[in-house]
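This report concerns only the one structure given below.
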Amino acid sequence: MIYLQLLQVFFLIGCFSFGGGLAGMELIRQRVVDQQGWLTTPEFSDVVSISEMTPGPLGINIASFVGVRVAGVPGSVIATLAYVLPSVVLVMVMAVVYYKYRSLKGVQGVLKGLRPAIAAMILASAVKMTCNALWGGVNVVDLPHTNLIALFVMALMLVLLHFKKLGPVQAILGSGVLGAVLYAMLA
Amino acid sequence: MEVKKIETDHLLWKLFSTCFVISACTFGGGLVIMSMLQKKFVEELKWIDQDEMMDLIAIAQSCPGVMAVNTSIIIGYRVAGPLGAIITMLGTVTPPMVILSVISVFYKQFRENDVVALLLKGMQAGVAAVMIHMTYTMSANVLKDKKLSALIMLIGAAVAAVFLNVDIIVILLVCGVVGGFLAFYESRTEQK
């Protein structure tokens with residue numbers, strides 16, 4: 001039953017989406033693209049881009065998008081609610097603990113331990129998204145056939161992100177416009 | 001009693017509409033929505049004071065899930081209990097759910113538009129650049145204490161995720177347990 005499957009997958013994603021937004025992307029990608037095959041990698045990259053053009057958090061956007069594609073509007077509602085359900089429960093439990101003891105030390109220790117894992121997840125996501133942008137996938141890496149326009153846009157955005165403190169939203173939208181112009185002129 | 005109940009109805013509606021409007025109108029993800037929520041509930045409505053808000057945000061951040069949603073849940077809980085938490089969650093989640101559902105339905109036509117296709121293709125490079133930059137900032141942050149344990153965990157987790165295709169959840173669980181254990185061990189040795 002597809003509804004049950006959506007519920008299960010997004011509930012699990014919701015339980016383990018630490019680090020927020022783009023940091024949790026790799027977990028979602030692994031489940032939705034690799035394991036379930038609900039989206040392809042380019043489609044996944046599109047959803048991330050569309051997410052930057054529309055209001056709302058990335059995780060919710062992906063859950064809604066996948067939900068509709070797989071099982072229509074009910075699918076969207078189920079996927080989205082399944083995704084936030086663990087947050088509702090955990091946040092409330094933590095709030096109760098907080099108002100009772102006013103201390104969160106133990107939790108902070110575990111969170112500190114999670115940080116290297118989150119950094120590694122972002123790295124994994126970066127590798128996959130870079131391969132997708134430059135070669136169209138992880139398994140088709142082929143240096144002579146590198147997409148040079150993508151490489152140029154990517155390098156430029158990296159410089160701007162790092163030295164000019166450009167925001168991620170502006171970087172993604174900017175690369176869309178710049179890339180579109182370059183592709184239209186050169187390719 | 002009667003009057004109080006009407007007031008509660010109003011309160012829930014106000015919670016819902018506030019979160020709905022902020023979520024619908026705020027571009028740029030979690031941090032922006034979070035600061036909007038803070039402005040509204042601390043500075044405008046004065047329902048929560050600044051220090052308490054900082055703690056609530058720390059709690060929201062320490063739970064899995066989306067920052068913006070977590071923040072709205074805990075504000076809802078603080079203002080009106082469990083029902084409030086569900087109301088604010090629904091208020092925050094509804095706008096993106098509706099928008100993305102509509103886009104998802106028209107995705108094929110949307111994607112086949114030449115201009116959109118080029119824009120999205122260009123943005124793939126932007127997404128990659130943002131992720132690379134985030135990797136750098138995150139790793140630098142993890143390694144800034146110059147702890148060997150953090151470096152080993154980072155490299156091990158990266159190898160497991162990129163080359164060995166280990167399930168992310170397994171990686172998170174292992175690192176969480178190891179991290180918790182290390183923190184416990186460190187606090188014991190500090191006390192001595």
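Naming convention: chains lettered A, B, ... in sequence-line order (proteins, then strands); numbering from 1 in each chain.
With respect to the salt-bridge test (charged N to carboxylate O, under 4.0 angstrom), the residues Arg111(B) and Glu43(A) do not qualify.
When the candidates Gly179(A), Ala126(A), Gly174(A) are compared by the number of heavy-atom contacts under 4.5 Å with chain B, Ala126(A) comes out ahead. The candidate with the highest count of non-hydrogen atom pairs below 4.5 Å against chain B, out of Val127(A), Val84(A), Leu160(A), is Val84(A). Per-residue heavy-atom pair counts under 4.5 Å with chain B were compared for Leu156(A), Asn132(A), Asn61(A), and the maximum is reached by Asn61(A). Note on Lys128(A), Arg31(A), Met92(A), Gln30(A): by heavy-atom pairs under 4.5 Å with chain B, the leading option is Gln30(A).
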side-chain contact (heavy atoms from CB on, under 4.5 Å) between Asp46(A) and Phe65(A): does it pass, once the steps are laid out?
CA-CA 11 Å; Asp46(A) 282 353; Phe65(A) 187 90; over 6 Å; no

Evaluate the side-chain contact (heavy atoms from CB on, under 4.5 Å) criterion for residues Leu37(B) and Ile22(B): first the C-alpha distance (whole Å), next the side-chain angles of each, then the deciding distance (0.1 Å), finally the verdict.
CA-CA 7 Å; Leu37(B) 287 169; Ile22(B) 289 179; 3.9 Å; yes

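Neither the backbone nor the side chain of Ile62(A) comes within contact range of chain B; no heavy atom of the residue lies under 4.5 Å from a heavy atom of that chain. Using a 4.5 Å cut-off between heavy atoms, Tyr83(A) contacts chain B through its side chain alone, with no backbone atom that close. For Gln35(A), the part sitting under 4.5 Å from any heavy atom of chain B is the side chain, from C-beta outward, and nothing else. Looking at Leu56(B), the atoms closer than 4.5 Å to chain A (heavy atoms on both sides) all sit in the side chain, from C-beta outward. Contact of Val73(A) with chain B is not made at all, since no heavy-atom distance falls under 4.5 Å. There is no contact between Leu178(A) and chain B, counting heavy-atom distances below 4.5 Å.
In the hydrophobic cluster analysis, where Ile, Leu, Val, Met, Phe, Trp and Tyr join through side-chain heavy atoms closer than 4.5 angstrom, Ile169(B) is grouped together with Ile13(A).
For Ser64(A) and Ser101(B), the side-chain atoms include no donor-acceptor pair closer than 3.5 Å.
Around the NE2 atom of His145(A), the shell of radius 6.0 Å holds no more than 12 heavy atoms that belong to other residues, nucleotides or ligands.
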